[in-house]
Asker: 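Sharing a structure below in structure tokens format, with a few things to ask.
The analysis underlying the following values was restricted to heavy atoms, covering all of them including side chains, and did not include hydrogens, waters or symmetry mates.
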Amino acid sequence: MKRMKFIFKRSLQNFLLAMTLCNASSCGSFETVNSSTDDGESLPSLDDRHIAVIVIQSGVMAVIMLLSVLGNSLVLAAIYRDGQLKNTASVYVANLAIADFLNGALAMPFILTCSTVGRWPFGAFICSFVGALTTLFCSVSVFTLGTIAIDRYLAILHPLQYNAVMTRSKIIFSIALTWLHAVVLSALPIMGWSTYAYIDMEYICTADWGGTLSYTLTVFAIDLGFPVTTMFFCYYHVLKTARKHSRQVASCQVGPAGVNGCPRERCFCQSWRRLKSEMKAAITLLAVIGTFLFCWLPHVVTMVCLSRPHNCHFPDAVFAITTWLAMANSACNPLIYGILNRQFRQAFRDILCVWKARRLFSR
């Protein structure tokens with residue numbers, strides 16, 4: 001039985017290795033974290049994980065990858081097909097879905113392969129390329145979430161000035177700025193400020209957080225500190241304003257004159273309905289941001305730990321779990337839209353019904 005498990009494990013690893021473009025010896029050596037020889041090359045021996053661990057890790061990563069690709073494709077299709085979803089907030093939601101889709105389609109397959117074979121078989125150039133892609137898409141995601149928070153802040157706290165401030169050109173400029181910032185940040189290690197390395201406990205190529213402390217601090221400040229602070233500031237005032245308006249509406253009298261002679265329809269319809277609609281969108285996006293923090297904060301802790309490798313004593317399983325959790329964030333957003341947003345839920349239902357009908361008629 002043990003021999004059959006060994007043969008199956010070895011066959012699975014050899015099959016995936018045969019599908020790679022090149023191995024580490026043919027593409028040049030590259031730096032790894034906690035899995036390298038003296039000359040920097042990755043260890044060629046197979047890892048000692050149990051076959052069940054390999055199957056579980058690879059299976060979980062495969063599910064996350066498929067949900068990221070299919071779920072975010074559904075979000076983009078819903079925004080494209082449904083006219084009610086074509087608004088300012090949905091433009092940023094679409095940008096977030098594009099980043100998550102590309103992360104699932106271009107970066108996660110490499111993590112899936114490494115979690116199966118137990119090492120990085122693609123060489124130094126591909127490691128840097130994939131590390132840059134991962135940094136790019138994750139940076140776009142977090143800055144888009146910050147931009148969404150600002151958009152909701154303006155829509156709810158300054159509704160009269162919102163259309164004048166959030167013009168089409170400014171929206172396009174903010175999205176372009178988000179991608180430009182992410183491209184620059186992901187290119188810096190390639191240009192010499194820090195390097196990309198394979199972290200064997202996480203099965204991922206990413207920045208060597210312990211190699212160049214100045215780059216690590218810059219990433220934490222720009223990519224996490226500023227957007228997260230912006231999110232907390234904006235949503236604190238959004239929720240505070242919502243509570244204030246709720247109290248004002250609750251104080252409206254049911255009589256025909258309303259409050260201070262204000263007609264009842266004006267009190268409720270013009271103010272409350274607009275705020276209620278904006279708050280529904282804000283609550284959905286607040287759930288997106290909360291999920292992002294839940295998924296990424298544990299990974300940030302391990303990143304900080306790796307920046308001080310001599311003081312980092314977490315078990316290898318912790319690094320793997322936090323990486324899986326961070327990648328799972330790309331698959332969570334479509335589920336949140338489907339649960340909390342009625343318009344997205346209806347659009348998803350329509351798309352799936354059309355797809356099912358086409359399958360039935362094609363038979």
Side-chain angles (χ1 to χ4, degrees), residues 63-109 133 136-152 154-155 162-163 165-183 274 277-289 291-292 327-362:
V63 170
I64 292 173
M65 183 178 68
L66 290 175
L67 288 178
S68 299
V69 173
L70 297 178
N72 287 289
S73 298
L74 196 61
V75 171
L76 294 172
I79 295 174
Y80 176 77
R81 289 171 54 92
D82 195 327
Q84 292 183 339
L85 293 175
K86 293 180 179 179
N87 51 51
T88 303
S90 294
V91 173
Y92 292 117
V93 170
N95 191 53
L96 183 64
I98 290 172
D100 289 338
F101 170 83
L102 293 175
N103 191 32
L106 299 180
M108 290 187 192
L133 286 181
L136 171 67
F137 300 141
C138 294
S139 298
V140 170
S141 294
V142 67
F143 258 76
T144 301
L145 291 174
T147 309
I148 289 174
I150 295 174
D151 175 77
R152 293 298 87 197
L154 294 174
Y162 178 77
N163 290 330
V165 174
M166 299 301 293
T167 61
R168 180 184 179 89
S169 59
K170 290 181 180 178
I171 293 172
I172 295 175
F173 175 77
S174 64
I175 292 176
L177 190 63
T178 296
W179 282 91
L180 178 61
H181 142 267
V183 168
R274 179 194 60 79
S277 176
E278 297 290 355
M279 277 304 302
K280 284 183 178 180
I283 289 173
T284 300
L285 298 172
L286 184 61
V288 171
I289 292 175
T291 304
F292 177 87
M327 294 298 106
N329 179 249
S330 296
C332 289
N333 294 337
L335 298 177
I336 295 173
Y337 302 143
I339 294 173
L340 296 181
N341 191 292
R342 182 173 55 84
Q343 291 181 344
F344 268 107
R345 187 164 57 249
Q346 183 60 47
F348 291 166
R349 188 181 296 114
D350 293 342
I351 293 173
L352 294 176
C353 287
V354 170
W355 175 76
K356 186 176 180 180
R358 287 179 178 177
R359 286 195 63 188
L360 291 174
F361 283 113
S362 64

Asker: Does N95 have any side-chain hydrogen bond (donor to acceptor under 3.5 Å, both in side chains) partners at least two apart in sequence or in another chain, and if so, which?
Answerer: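 N95 satisfies side-chain hydrogen bond (donor to acceptor under 3.5 Å, both in side chains) with T144, W179 only.
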Asker: Which heavy atom in M65 sits nearest to a heavy atom in M108, and how many Å separate them?
Answerer: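 Closest pair (atom of M65, atom of M108, distance): CA-SD, 3.7 Å.
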Asker: Could you tell me if the side chain of N103 sits less than 4.5 Å from the side chain of M327, heavy atoms only?
Answerer: yes
Asker: Going through the checks in order, is the side chain to side chain donor-acceptor pair (under 3.5 Å) test met by N333 and T291?
Answerer: CA-CA 8 Å; N333 294 337; T291 304; 5.8 Å; no
Asker: How far does CD1 of I98 sit from CD1 of I175, to the nearest 0.5 angstrom?
Answerer: 8.0 Å
Asker: Show me the donor-acceptor pairs, under 3.5 Å and distance only, between side chains in residues 71-80 and residues at least two apart or in other chains.
Answerer:
unit_1	atom_1	unit_2	atom_2	d
N72	ND2	S68	O	2.7
N72	ND2	S330	O	2.8
S73	OG	V69	O	2.6

Asker: Please identify each residue that fulfils ring-ring contact (aromatic ring centres under 6.0 Å, His included) with F348, with sequence neighbours left out.
Answerer: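 ring-ring contact (aromatic ring centres under 6.0 Å, His included) list for F348, sorted by chain: F344.
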Asker: Of all the heavy-atom pairs spanning V140 and A99, show the shortest one and how long it is.
Answerer: CG1-CB, 3.7 Å
Asker: Got a second to check how far L102's CG is from F137's CZ, nearest 0.5 Å?
Answerer: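 Result: 4.5 Å between the selected atoms.
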Asker: If the condition is side-chain hydrogen bond (donor to acceptor under 3.5 Å, both in side chains), which residues does T88 pass it with, not counting sequence neighbours?
Answerer: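 By the side-chain hydrogen bond (donor to acceptor under 3.5 Å, both in side chains) rule, T88 matches no residue at all.
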Asker: Return the minimal non-hydrogen interatomic distance between A331 and P334, and the atom names on each side.
Answerer: O-CD, 3.6 Å
Asker: Report the residues that fulfil side chain to side chain contact (heavy atoms under 4.5 Å, CB included) with T167, sequence neighbours left out, ordered by chain and then residue number.
Answerer: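 Listed in chain order: S169, K170.
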Asker: To the nearest 0.5 angstrom, please state how far the CG atom of L136 sits from the CG atom of L106.
Answerer: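 With rounding to 0.5 Å, CG (L136) is 10.0 Å from CG (L106).
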Asker: SG/C138 to CG/N329 distance, rounded to the nearest 0.5 angstrom?
Answerer: 8.5 Å
Asker: Which residues pass the side-chain hydrogen bond (donor to acceptor under 3.5 Å, both in side chains) test with S90, not counting sequence neighbours?
Answerer: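 side-chain hydrogen bond (donor to acceptor under 3.5 Å, both in side chains) check on S90 returns N87.
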Asker: For A347 versus D82, what's the shortest heavy-atom pair and its separation?
Answerer: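 In terms of heavy atoms, the two residues are closest at CB-OD2, 3.8 Å.
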Asker: If you apply the rule side-chain contact (heavy atoms from CB on, under 4.5 Å), what do you find for I171 with Y92, and how did you get there?
Answerer: CA-CA 9 Å; I171 293 172; Y92 292 117; 3.9 Å; yes
Asker: Roughly how far apart are R81 CZ and K86 NZ, rounded to 0.5 Å?
Answerer: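 R81 CZ to K86 NZ: 10.5 Å, rounded to 0.5 Å.
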